[in-house]
Protein chains: 2
Amino acid sequence: MARERKFSDEDLFLATKELLLNHGYEGFTFGLLAERLKVSRSALYKYFGNKEELIMEFMMYEMDQFMDKLRKIDDYDDFEDQFNYLLELMMSHRNIHQLIEIGRHVPVNNKKMEEKNKKLDGLHLNMYQSLVGFVGLGKKEGKLKPHIPDTLIVGYILQSFLVPNLAQIPHSEWVQSMKEIIRDGMFTDDN
Amino acid sequence: MARERKFSDEDLFLATKELLLNHGYEGFTFGLLAERLKVSRSALYKYFGNKEELIMEFMMYEMDQFMDKLRKIDDYDDFEDQFNYLLELMMSHRNIHQLIEIGRHVPVNNKKMEEKNKKLDGLHLNMYQSLVGFVGLGKKEGKLKPHIPDTLIVGYILQSFLVPNLAQIPHSEWVQSMKEIIRDGMFTDDN
DNA sequence: ACTCAAAATGACAAAAATGTCACTTTGGAT
DNA sequence: ATCCAAAGTGACATTTTTGTCATTTTGAGT
């Protein structure tokens with residue numbers, strides 16, 4: 001027995017995501033978000049005490065969604081299949097890395113935040129472990145170069161998806177080339 | 001016949017750089033900058049009318065410095081040498097790409113800004129052309145894969161240096177591995 | 001049709017950042 | 001030594017963002 005809400009959680013988190021990516025953590029304001037949702041600013045305070053809290057909730061939502069998909073990487077036994085799955089996944093969550101970086105800027109003031117922050121750290125750890133597992137498998141199968149640090153491999157893959165496609169190269173060509181660079185580099189074989 | 005300044009242009013631009021990288025465009029304030037320089041906030045208004053103007057000046061300063069070095073790439077005839085020079089250069093100006101992205105957030109309000117913005121665009125174009133020239137040489141010498149779009153190659157090289165070295169891998173090892181990934185990828189040869 | 005709890009609002013006070021200006025300080029030039 | 005232009009300051013008015021709260025609106029349940 002309650003009134004219908006004017007915006008769903010999905011609406012809210014989507015708007016939050018766009019604003020965060022366009023304006024950064026410090027440029028994100030409740031005013032902007034309320035405007036986007038066509039709601040009064042004070043309505044938002046019914047759900048989140050402040051900016052930090054909202055952004056933390058958003059991060060968890062985003063990470064949960066991403067992790068649900070990332071965990072599916074273990075459905076594939078073969079490294080090659082995992083690799084393909086991972087690239088597709090990253091392509092559809094291009095900015096997860098960027099968002100995580102923004103999340104690191106959120107100040108932790110009180111106990112409540114402390115807790116949320118810990119939870120989020122846990123999710124990051126999960127993600128990292130999942131990716132390190134992937135790299136481990138690749139090395140074990142002899143597919144990935146053993147002497148390159150795991151963290152660099154993981155970081156490089158994540159970072160790849162942030163290269164801006166300024167020249168508007170068609171999607172499939174872009175992904176194809178990207179995959180090739182990641183696998184075999186940009187130099188020709190005879191070097 | 002004037003009083004000695006309490007801070008040099010270098011001081012100011014260095015502080016600006018750090019603040020921009022740590023807080024982003026919207027999080028950068030005159031208050032923070034003044035505090036950093038141990039000067040009153042109003043002193044800064046003697047030199048820059050507002051935040052946008054200051055940041056534009058900073059961008060030009062930074063780009064000028066970078067371009068001076070980037071242009072030296074043409075001192076090397078051989079692509080291989082150009083490649084090595086470029087990686088070293090990028091390593092010591094790791095965040096130039098990030099700064100350029102931040103610069104794109106600066107709103108252009110008036111004629112004066114319009115002009116500065118044009119000048120900055122010119123510098124970006126220079127940078128881009130210089131890098132495209134480099135890629136062109138690489139392709140001509142048969143070193144770079146001809147079917148990968150120039151913009152992707154350029155973007156990749158720039159982006160690579162933003163991979164955070166979270167595990168604190170020693171600098172030389174990090175650069176070495178990075179170079180290898182860029183050249184030949186992360187997969188072993190027998191794939 | 002009435003109730004009432006959740007949803008939404010607008011108005012308010014406080015905090016933070018901006019921009020301006022009259023005034024003070026400083027140190028090289030005379 | 002003293003002049004004075006540039007450097008720096010503190011106080012003020014304005015704007016933007018934040019956070020709170022009393023009040024109003026809404027619509028599902030009865």
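In the text below, chain A, chain B and the rest are named by the order of the sequence lines, each starting its count at 1.
Atom pair E26(B):CD and dT16(D):P shows a separation of 14 Å (rounding to whole Å applied). The distance from atom NE2 of H23(B) to atom P of dA17(C) is 11 Å, rounded to the nearest whole Å. Taking atom CD of residue E4(A) and atom P of nucleotide dA28(D), one finds them 7 Å apart after rounding to whole Å. In this entry the distance linking NZ of K38(A) with C1' of dG10(C) reads 20 Å, nearest Å. Separating the CG atom of D9(A) from the C1' atom of dA7(C) is a distance of 14 Å, rounded to the nearest angstrom. The CZ-C1' distance, from R5(B) to dA5(D), rounds to 15 Å in whole Å. Counting to the nearest Å, the C1' atom of dT9(D) and the CZ atom of F30(B) are 16 Å from each other. As rounded to whole Å, 16 Å separates atom C1' of dA16(C) from atom CG of N50(A).
Here F48(B) lies out of heavy-atom contact (under 4.0 Å) with every strand. Within the nucleic acid shown, T29(A) comes within 4.0 Å of sugar-phosphate atoms alone, with no base atom in reach, counting heavy atoms only.
OP1 or OP2 of dT9(D) has at least one side-chain nitrogen or oxygen of K6(B) nearer than 4.0 Å. Using a 4.0 Å cut-off, no side-chain N or O of K46(B) falls inside it from OP1 or OP2 of dT20(C). For dG8(D), neither phosphate oxygen OP1 nor OP2 lies less than 4.0 angstrom from any side-chain nitrogen or oxygen of Y45(B).
Side-chain atoms of F7(A) lie closest to dA8(C) of the nucleotides dG27(C), dG8(D), dA8(C). The nucleotide whose nearest atom lies closest to any side-chain atom of S40(A) is, among dT9(C), dG8(D), dT18(D), dT9(C).
Each of F28(B) and V39(A) was assigned the nucleotide of DNA chain C with the nearest heavy atom; the assignment lying further toward the 5' end belongs to V39(A). Nucleotides of DNA chain D nearest to L44(B) and E52(A) differ in position, and the one nearer the 5' end is that of L44(B).
Judged by distance alone, with hydrogens and angles left aside, R3(B) brings no side-chain donor or acceptor close enough to the base of dA6(D) to form a pair under 3.5 Å. If you check distances only, the side chain of S42(B) does reach the base of dG10(D) with a donor-acceptor pair under 3.5 Å. In terms of polar N and O atoms assigned as donor or acceptor, the side chain of R41(B) never comes within less than 3.5 Å of the base of dG10(D) in a complementary pairing.
For the residue pair Q65(A) / H93(A), no side-chain donor-acceptor distance below 3.5 Å is found, with atom types taken as modelled.
More than 12 heavy atoms of other residues, nucleotides or ligands shown are found within 6.0 angstrom of CD on E18(B).
The residues K116(B) and E57(B) are annotated as salt-bridged, a charged nitrogen and a carboxylate oxygen being separated by less than 4.0 angstrom. Electrostatic pairing of R183(B) and E80(B) counts as a salt bridge here, judged by a charged N lying under 4.0 Å from a carboxylate O.
The closest side-chain heavy-atom distance from E52(A) to V108(A) is not below 4.5 Å.
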